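Taking it in order: structure first as structure tokens, then the write-up.
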There are 2 protein chains.
Amino acid sequence: MPKTKTDKRSRLIQTAVKLTYRHGFRTTSIADIAEAANIPVGNVYYYFKTKDEIGEAIVEQRLLELRTLQEQWDQRGSPKERLLACIENTFENRDLLARGGCPVGTLCSELQKEGGPLAKKATALFTELLGWIEDQFRAIGRGDTSRKLATQLLSSLQGVSVLAHGSGNPELVAMETKRLKDWVGWF
Amino acid sequence: MPKTKTDKRSRLIQTAVKLTYRHGFRTTSIADIAEAANIPVGNVYYYFKTKDEIGEAIVEQRLLELRTLQEQWDQRGSPKERLLACIENTFENRDLLARGGCPVGTLCSELQKEGGPLAKKATALFTELLGWIEDQFRAIGRGDTSRKLATQLLSSLQGVSVLAHGSGNPELVAMETKRLKDWVGWF
DNA sequence: GTCTATACCGAGATAGAC
DNA sequence: GTCTATCTCGGTATAGAC
């Protein structure tokens with residue numbers, strides 16, 4: 001039996017993550033989130049003093065999700081397979097990506113434009129992901145160029161999400177992830 | 001001697017483009033734009049009935065800028081050189097890109113999240129750019145895979161802008177554009 | 001065409017009863 | 001801890017004098 005407090009709080013976060021992903025952080029109102037989570041507006045402020053605190057929670061939630069994914073990928077037998085799993089994940093989510101862009105990329109972009117403390121927080125999402133990819137290339141034996149290769153791979157994944165989102169076309173993701181899987185296969 | 005109307009209107013657009021690029025479209029208020037352009041708030045509504053109309057003008061302005069750039073690149077002697085000029089342009093703007101992301105990409109992302117008519121308008125930016133790149137690959141003699149190659153190149157450029165913006169690091173752009181120039185060199 | 005004053009509304013945030 | 005009512009402010013947009 002979960003605690004009531006935790007329950008409502010996490011329900012708010014889940015709802016906020018979902019709604020802000022679809023419509024943007026600033027354009028999504030606290031009232032929107034509260035309503036969707038079936039919680040009266042005033043009560044939201046019991047869990048979060050300001051809207052920016054909700055933003056913080058959203059970033060942290062995305063970080064958790066990212067780490068969960070990484071743990072899944074880490075199950076694979078070789079670093080090459082781990083990279084393939086990461087790319088495959090992008091492929092599987094192509095419809096979502098075409099509708100709302102990359103959850104990490106679009107969130108970072110928006111928060112960076114705003115500036116302030118949230119921007120710094122969001123940076124962690126990319127450093128985390130880039131670091132993990134770099135680790136894989138190093139483990140493959142490409143320690144000398146691991147950073148370059150990681151940048152190359154993550155750029156392609158991020159970029160194709162931007163294109164797919166901008167044009168509403170998931171096929172672009174399919175096309176590009178297929179190529180990237182072949183590319184990783186060469187290592 | 002330019003007409004007063006056109007003068008003020010274009011001053012508003014220029015200012016709007018600059019401010020919204022740095023801080024985002026929705027978070028930039030009409031008052032912000034008016035003040036920066038030295039025009040009283042009320043007067044803005046003589047030129048634009050709604051804020052969304054300003055958004056429309058911003059997209060159109062970006063389209064114009066894009067076409068101007070393409071015309072410059074078209075001056076080059078070969079399609080390969082034209083692609084190199086496009087990549088070089090990204091490299092030269094790396095500091096700007098690290099601070100505010102790609103003007104086209106970030107604008108598209110934000111407007112897509114909002115949905116509505118502006119989202120559709122913004123799509124043109126990508127189709128235009130992707131089409132131009134595709135043309136170059138076709139001219140090189142890669143008509144069979146021109147679309148794939150164009151997606152690959154534009155994805156990398158867009159993606160590295162996202163990464164550079166997210167981490168505030170222009171070096172990523174330098175690293176990736178260098179690689180891309182070498183890559184294009186192979187064709 | 002230009003500008004001032006202002007209406008209006010929705011957002012974030014607070015007070016305080018229960 | 002929970003919820004209702006409300007405050008306040010800043011934003012878009014309008015009215016109307018000049």
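Order of the sequence lines sets the chain letters (A, B, ...), proteins ahead of strands, with each chain counted from 1. Being a predicted model, the structure only gives us computed values, none of them experimental.
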Solution key, residues 98-111 of chain A side-chain donor-acceptor pairs under 3.5 Å, sequence neighbours excluded:
unit_1, atom_1, unit_2, atom_2, d
Thr106(A), OG1, Cys102(A), O, 2.7
Thr106(A), OG1, Lys113(B), NZ, 3.0
Ser109(A), OG, Gly105(A), O, 3.4
Glu110(A), OE1, Phe25(A), N, 2.9
Glu110(A), OE2, Phe25(A), N, 3.1
Glu110(A), OE2, Arg26(A), N, 2.9

Lys51(A) NZ to dC9(D) C1', in whole Å, measures 15 Å
Here the distance between atom C1' of dT12(D) and atom CG of Leu12(B), to the nearest Å, is 15 Å
Residues passing the side-chain contact (heavy atoms from CB on, under 4.5 Å) test with Ala85(B), sequence neighbours excluded, are Trp73(B), Arg76(B)
Quick note, Tyr46(B) side chain, CB onward, closest among dT2(D), dG1(C), dC3(C) is dG1(C)
Per the under-4.0 Å heavy-atom filter, residues of residues 20-43 of chain B near DNA chain C come out as Pro40(B), Gly42(B), Asn43(B)
Ranking dT12(D), dT2(D), dT2(C) by distance to the side chain of Tyr45(B), first place goes to dT12(D)
In whole angstroms, the gap separating P of dG1(C) from CZ of Arg9(B) amounts to 12 Å
Thr15(A) meets the side chain to side chain donor-acceptor pair (under 3.5 Å) criterion, sequence neighbours left out, with none
Members sharing Leu96(A)'s hydrophobic cluster, built from side-chain contacts under 4.5 Å between Ile, Leu, Val, Met, Phe, Trp and Tyr, are Tyr21(A)
Phe48(B) atom CZ is separated from dG1(C) atom C1', nearest whole Å, by 15 Å
Separation of dT12(D) atom C1' from Tyr47(B) atom OH, nearest Å, is 19 Å
Separation of dA13(C) atom C1' from Glu53(A) atom CD, nearest Å, is 13 Å
N/O donor-acceptor pairs under 3.5 Å from side chains in residues 156-172 of chain B, not counting sequence neighbours:
unit_1, atom_1, unit_2, atom_2, d
Ser156(B), OG, Gln152(B), O, 3.2
Ser161(B), OG, Leu157(B), O, 3.1
Ser167(B), OG, Leu163(B), O, 2.8
Asn169(B), OD1, Glu171(B), N, 2.9

Does Leu66(A) form a side-chain contact (heavy atoms from CB on, under 4.5 Å) with Gln70(A)? I'd like the steps, not just the answer.
CA-CA 6 Å; Leu66(A) 202 56; Gln70(A) 285 173 359; 4.1 Å; yes
